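This report concerns only the one structure given below.
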Amino acid sequence: MLIASCLIVFAFARAWDRRRTEIRVQQAQAMQLVKVAARTLDGSIAEAQTLLFSLSRALDPDAPAERNDLALQALFRAAPVRYANIWLADTAGNNIGAARLPAEGRAALSIGDRRYLRTALATRKFVVGEVVPAAELPGNPYVLTFVLPVLSADSSTVRAVLGASIQLDSLEAIRAVRALPSGSVLTVLDSTGTVVIRSAEPSGWIGRTFNDARTRRNFAKNEGVGEGTSADGTVRLASYKGLERIAWMAYIGVPARYTTDLIKSQFLRDLVTGGLITLLFLLVGYVLALRIITPIEALTADARAIADGDMTRRSTIVTDDEVGDLAGAFNRMADTVEERNAALRKSQDQLLHAQKMDALGAFAGGIAHDFNNYLSAIVGHAELAEAALSSNDPAREDIQQILSTSARAADLTRQILVFSRKQVVEPHMLDLNEVLRGIERMLLRVAGESRSLTLTLSPTPLPVFADHGQLEQVIVNLVANARDATGEGGVIQIRTACVPLAHSDKATGHVNTSEHVQLAVTDNGAGMSPATQDRIFDPFFSTKDRRHGTGLGLAIAYGIVEQSGGRIVVESTLGSGSTFTVSLPIGTDEAVDSDARTDIGQHGAPEGGRILLAEDDAAVRASTARLLERLGHTVTSAPDGIVALQILQDSVTPFDLLLTDVVMPGMSGSVLVDHARRLNPEMAVLLMSGYADDEAALKALAADTVACLPKPFSISELSAFVSRALASRPTASHRS
């Protein structure tokens, strides 16, 4: 009887332990749900902030509202995340541009009474606004608003407010909660305990305040889980987690009838069943408990610990029977899972970074294409106007200011295009040591007088095939970053060397070793945490405030190095400084020959050629045609590739040169070139582009079978490229 009583108590204890374990599992799952919800809400806020910051530089609050509508509609369609609306308002809250306008007209989008407008004007920072009904959408669904002040050039005043909104139903967190059992809800409170988001019956909940002691305690703890009766009278297992980007708290509640109630019922059934089985199989159970059940339970506990995230847990069972074999197999499986999880996390981080860079690159490339076309027209017409003025005309100074400003705008566009890796570059064979010597004085000024800058250069030349200006930009950005990381008396060291670098051959899978040129920039600054190192090359990420950095310098350097076939890595320890290492492949003789071929025919080029110009932008087409005529050429213009091909087919007199844009509707420039060369193999070909987004054109440029004139261009650049193209024709020597 005593043994039976002990076994009944044992069965009760096991059932109770199982109940506690199952409850912990449910609580862990609930906690995981709310963490995912909080992370997705933080992600939506971060995406909106990045979008609005990017758009704030592309809009002009002083432009007519209709023009802002068109610009916002184009940006709305190109945005990587689908928003309910994107709009622009003046400081009084009156709408001056929107991607979507309601049927009642622009006045329906007035936000003069919105609290988030006053907050944005007062703080001049990005603000997550309250949830409000959307006037411009059918049914006036609830939307979550985000606003960003558009500051003046000197950041002293707010010119306008740029905003975006997302429907609550489209938030990933709400969609995930609606897939949970019936009665599950997502509730988000702001720092005052006011409901700002509710997945169920939002109209009856948004705006209600729960500023009780439990709510304040939850905000203080930041995360947790528990069971209780909600405000609607439903008993739920509720988990909560604070957001990282804003002082909000996310709650997810799942009705207890799907969680703890089931566990309690199962507990009672387990208890009764365990007692009966214990009494029925007293002796057999005693033997099994000693020899089999106890080891298996220990193995099960180990498995649950690994399932809960403790990847260091291993079984300690060492026997010569089947249980011992199972424990050994379990340990080997745990080792394999841990290794694969580590590899998966690394691959996910790499994929996420590549996706962010690709999304920003596509967005930047699309804007740059149109922007470079505008600049081309501005530069062309400005140079034509300047040529028409007398030498002492007072308007010449204004036109020269236009040309100077356009050149700075073109430089900015080229920097943005580094992210898309589609900019037209001019690589040459360079000696890295000579590049550093050429900008040593500039680097000393960048580092500042209060810091020490030393150069330790390789005793032998270090040939690389790269764009000279981009290579200088990488070096300057790395030195500027080192300067910002060190205080007065800081030390910055630059070293160059030729080192062996291992790399994997994708075709064979073998690891090969080849010589690479290496540039290392080291500082003795504060160093970086692992979390900062993971994001250091992300666009717009910066540890400095907005007055001292945009977060673009290292992202630009990363894009340039990757496009040049190299790689850049960082090694840093908090309190011990950082080292940025750039590795580039050694330049080859073939690269020198290719680079040398680009100079063929730049002297003695024929004049007065017959040129076919294909350009879809009317303003660029008009200005380019007039510039060519001013240079003495005869020009026939076509608005696209299809019309240009028809002109070539119908022309009795052959053209000397085809000058075509790369990106055109209907027929791209590279396809037009293929057709034109079949019609007239002796005709010269010259591409022009604001950015290279055509695979065929990129291959032709890489093979040096065609030249590309980057937009925007001056009349002197146009003359040089056209003359070089005309002089490089197979029959040019016979015609000149």
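Model, not experiment: these values are computed from the prediction.
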Donor-acceptor side-chain pairing of Ser458 and Asn433 below 3.5 angstrom
no
Looking only at heavy atoms, the pair that brings Ala725 and Leu657 closest together is CB-CD1, 4.0 Å
* Please report the C-alpha distance between Cys498 and Ile586 in whole Å, then the side-chain angles of each, then the deciding distance to 0.1 Å, and finally whether the side chain to side chain contact (heavy atoms under 4.5 Å, CB included) criterion is met. => CA-CA 9 Å; Cys498 184; Ile586 290 182; 3.6 Å; yes
In terms of heavy-atom contacts, Val662 and Ser689 come closest through CG2-CB, 3.6 Å
Could you go through Leu478 and Val582, starting from their C-alpha distance and side-chain angles, then the distance that decides it, and tell me whether this counts as side chain to side chain contact (heavy atoms under 4.5 Å, CB included)? CA-CA 10 Å; Leu478 292 179; Val582 176; 3.9 Å; yes
So CG of Asp393 and CD of Glu386: to nearest 0.5 Å the spacing works out to 10.5 Å
Smallest heavy-atom separation, Val379 atom then Pro712 atom, equals CG2-CB, 4.3 Å
One should read off an interatomic distance between Thr624 OG1 and Glu629 CD, to the nearest 0.5 angstrom, of 11.0 Å
Exercise for the section: Indicate yes or no: at least one non-hydrogen side-chain atom of Leu645 is less than 4.5 angstrom from one of Leu679. Expected result: yes
Residues pairing under side-chain hydrogen bond (donor to acceptor under 3.5 Å, both in side chains) where one sits in residues 65-75, two or more places apart or in two chains, turn out to be Asp69-Arg106
Output for pair (Ser637 OG, Arg621 CZ), nearest 0.5 Å, gives 6.5 Å
The single option from Asp90, Asp60, Asp154 that satisfies salt bridge (charged side-chain N to carboxylate O under 4.0 Å, His left out) with Arg159 is Asp60
field: Ser668 and Leu672: CA distance, side-chain angles, deciding distance, side chain to side chain contact (heavy atoms under 4.5 Å, CB included) verdict
entry: CA-CA 6 Å; Ser668 68; Leu672 173 61; over 6 Å; no
Salt bridge (charged side-chain N to carboxylate O under 4.0 Å, His left out) between Arg437 and Glu434, intermediate numbers included: CA-CA 5 Å; Arg437 292 188 183 100; Glu434 291 302 321; 2.8 Å; yes
- [ ] State, with a plain yes or no, whether a side-chain heavy atom of Leu612 is found less than 4.5 Å away from one of Val635.
- [x] no
### Query
Is the count of non-hydrogen atoms from other residues, nucleotides or ligands lying under 6.0 Å from Arg626 atom CZ greater than 12?
no
Just by distance, do the side chain of Ser651 and the backbone of Thr653 share a donor-acceptor pair under 3.5 Å? yes
Note: Leu686 and Ala707 closest approach over all heavy atoms is CD1-O, 3.6 Å
Counting distance only, does the side-chain N/O of Ser155 pair as donor-acceptor with the main-chain N or O of Leu151 below 3.5 Å? no
Considering residues, nucleotides and ligands other than Gln649, do more than 12 of their heavy atoms fall under 6.0 Å from its CD?
yes
Within the distance-only criterion (no hydrogens, no angle test), does the side chain of Asp656 pair as donor or acceptor with the backbone N or O of Ile611 below 3.5 angstrom?
no
Quick one: does Asp431's side chain have a donor or acceptor within less than 3.5 Å of a partner on Pro463's backbone? no
Rounding to 0.5 Å, atoms OG1 (Thr660) and CG (Leu613) come to a distance of 8.0 Å
- request: Taking the side chain as every heavy atom from C-beta outward, state whether Val722 and Leu631 have any atom pair closer than 4.5 Å.
  value: no
key: Donor-acceptor pair, side chain of Ser719 and main chain of Ile715, under 3.5 angstrom   = no
Heavy-atom distance under 4.5 Å between the side chains of Leu519 and Leu432, does that happen here? yes
Phe537 vs Phe580 aromatic rings, parallel, tilted or perpendicular, using cut-offs 30° and 60°?
perpendicular
The reported gap from CG in Leu709 to CG in Leu659 (rounded to nearest 0.5 angstrom) is 7.0 Å
| Step by step, would you call Leu554 with Ile568 a side chain to side chain contact (heavy atoms under 4.5 Å, CB included)? | CA-CA 10 Å; Leu554 292 178; Ile568 179 171; 5.7 Å; no
query = Would you call Glu717-Lys711 a salt bridge at under 4.0 Å N-O?
reply = no
Counting only heavy atoms not in Arg630, do more than 12 fall under 6.0 Å of its CZ?
no
Could you tell me if the side chain of Ser406 sits less than 4.5 Å from the side chain of Tyr374, heavy atoms only?
no
Taken to the nearest 0.5 Å, the spacing of Asp616 CG from Asp661 CG works out to 5.5 Å
